[in-house]
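Okay, so here's the structure we're looking at.
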Amino acid sequence: MSEQLISEQLISERQNAPVTAPVSAQVPVSDSVSGSGSVSEHPVDGFGTVCLRPLDPERDADVVHTWVSEERAAFWGMTGLTRAEVTEIYAHMATLDTHHAYLAERDGTPVALLQTYEPEADRVSECYDVRPGDIGMHVLLAPAGPEGPRPGWTDVLLSAFTEFALHTLDRHRIVVDPDVRNVKAIARFTRQGFTPGPAVVLPEIDLPDVHLPEKHAQLAFLTRSVAFPDALPDADPR
């Protein structure tokens, strides 16, 4: 099972208590935008509308399995898994209160996978001081299609995901923890306004059914006030 999905279970077991997400982190499908199934819609002039909807583990399995199986997605941690295994992983995630998966679509075409999580339910919490209002984020972009490179797409998608996390979910700060070797991801987040934090070592997890090796990660943070400087000042939740 991938790192993003098992950490919540492991941290909960260590603490011997359930971890429950704040109400603001939970976006019921019944509250979706215009009844479309989307939890967020982000229109962009000259680009189209970026919609986020909860990932359907079975219906979206072919798309997601194709993406995570490519060599370019090695840092996602699912290369080599079968379609059934990927489906099982995301079906498990759908039962969690602290981890959520969303499929991002541009005018109906899948373009990215977004995962959000509660940092205190993840091993990253052992490497930095989690603040109230923090939310973790993992992003996997779809590969370029036959048309080739898509200048500007990454910035548009990350802007939409940032708005979703900080406005729709009403969070104060996003934390990301890409592998230190994933220089492309680190550069994307830096370009988006994330402030680099410390380079850390996420601890190894070795249990009978689960093994996660150490992960050398580069933490980075984006606050609401930095992402949206023209908005009203954001109260420091500390």
Within the distance-only criterion (no hydrogens, no angle test), does the side chain of D60 pair as donor or acceptor with the backbone N or O of D56 below 3.5 angstrom?
yes
Determine whether R123 and D177 satisfy the following criterion, salt bridge (charged side-chain N to carboxylate O under 4.0 Å, His left out), listing intermediate values before the conclusion.
CA-CA 11 Å; R123 61 179 178 169; D177 61 351; over 6 Å; no
Residues R83, E58: salt bridge by 4.0 Å N-O rule
yes
Side chain to side chain, E126 and P203, heavy atoms closer than 4.5 Å
yes
All heavy atoms of A160 vs all of V50, minimum pair found to be CB-CG1, 3.9 Å
Hey, is CG on D129 packed in by over 12 heavy atoms from elsewhere, all under 6.0 Å?
no
Answer yes or no: is there a side-chain heavy-atom contact under 4.5 Å between Q218 and P196?
yes
Can you list the steps and then say if S159 with Q192 is a side chain to side chain donor-acceptor pair (under 3.5 Å)?
CA-CA 8 Å; S159 293; Q192 194 66 23; 2.9 Å; yes
Taking the side chain as C-beta and beyond, is there a heavy-atom pair between H172 and R131 under 4.5 Å?
no
Is it the case that one hydrophobic cluster holds both L202 and V180, taking links as side-chain heavy atoms less than 4.5 Å apart, direct or via other members?
no
Does any part of the side chain of L222, heavy atoms only, come nearer than 4.5 Å to the side chain of T195, both counted from C-beta?
no
Would you check if the side chain of E85 reaches a backbone N or O of T82 as a donor-acceptor pair within less than 3.5 Å?
yes
Transitively linked via ILVMFWY side-chain contacts under 4.5 Å: L52 with L158?
yes
Geometric cation-pi criterion R181 and F75, 6.0 Å radius, 45° cone:
no
Supply the atom-to-atom distance T116 OG1 to F164 CZ, rounded to the nearest 0.5 angstrom.
6.0 Å
Does H92 offer a backbone N or O that forms a donor-acceptor pair with the side chain of T95 under 3.5 Å?
yes
Indicate yes or no: at least one non-hydrogen side-chain atom of Y102 is less than 4.5 angstrom from one of F161.
no
Would the distance check show the side chain of D107 and the main-chain N or O of T49 forming a donor-acceptor pair, the cut-off being under 3.5 Å?
yes
Going only through I, L, V, M, F, W and Y residues with side-chain contacts under 4.5 Å, is there a path from L141 to V183?
no
Looking only at heavy atoms, the pair that brings P57 and T87 closest together is O-CG2, 3.6 Å
Validation row: Y90, L113 side chains within 4.5 angstrom (heavy atoms)
yes
First locate atom NE2 of H65, then atom CD of E70, and finally report the distance between them rounded to the nearest 0.5 Å.
11.0 Å
Let me confirm one number: the CZ-OG distance from R53 to S40, rounded to the nearest 0.5 Å.
13.5 Å
In one Ile/Leu/Val/Met/Phe/Trp/Tyr side-chain cluster, 4.5 Å: L103, M78:
yes
Work out which heavy atom in P178 is nearest to a heavy atom in A185; give both atom names and the distance.
CB-CB, 4.2 Å
For W67 and P143, the nearest pair of non-hydrogen atoms, with its separation, is CD1-CD, 3.5 Å
For H99 and Q115, run side chain to side chain donor-acceptor pair (under 3.5 Å): C-alpha distance rounded to whole Å, both residues' side-chain angles, the deciding distance at 0.1 Å, then the answer.
CA-CA 7 Å; H99 291 61; Q115 293 178 192; over 6 Å; no
Hey, does the side chain of R171 reach the backbone of A165 with a donor-acceptor pair shorter than 3.5 angstrom?
no
Is V111 reachable from V44 through a run of hydrophobic residues whose side-chain heavy atoms are each under 4.5 Å from the next?
yes
Could you give the distance from SG (C51) to CD (E41), rounded to the nearest 0.5 Å?
4.0 Å
Of all heavy-atom pairs linking V176 and M137, the shortest is CG1-O, 3.6 Å
If you measure from the Lys or Arg side-chain nitrogens to the Asp or Glu carboxylate oxygens, is any gap between K215 and D179 under 4.0 Å?
no
Tell me, do W76 and H138 make a side-chain contact under 4.5 Å, heavy atoms counted?
yes
Over all heavy atoms of both residues, which pair between A73 and L140 is shortest? Give the atoms and the distance, please.
CB-CD1, 4.0 Å
Sidechain N-carboxylate O distance under 4.0 Å for R224, D170:
yes
Within this structure, what is the CZ-CG distance for the pair F228 and L166, rounded to the nearest 0.5 Å?
5.5 Å
So V175 and Y128, do their side chains get closer than 4.5 Å, heavy atoms only?
yes
Within this structure, what is the CD-CG distance for the pair E120 and D122, rounded to the nearest 0.5 Å?
9.5 Å
Please assess T79 against S69 for the test side chain to side chain contact (heavy atoms under 4.5 Å, CB included), listing each intermediate value before the final yes or no.
CA-CA 4 Å; T79 52; S69 297; 5.8 Å; no
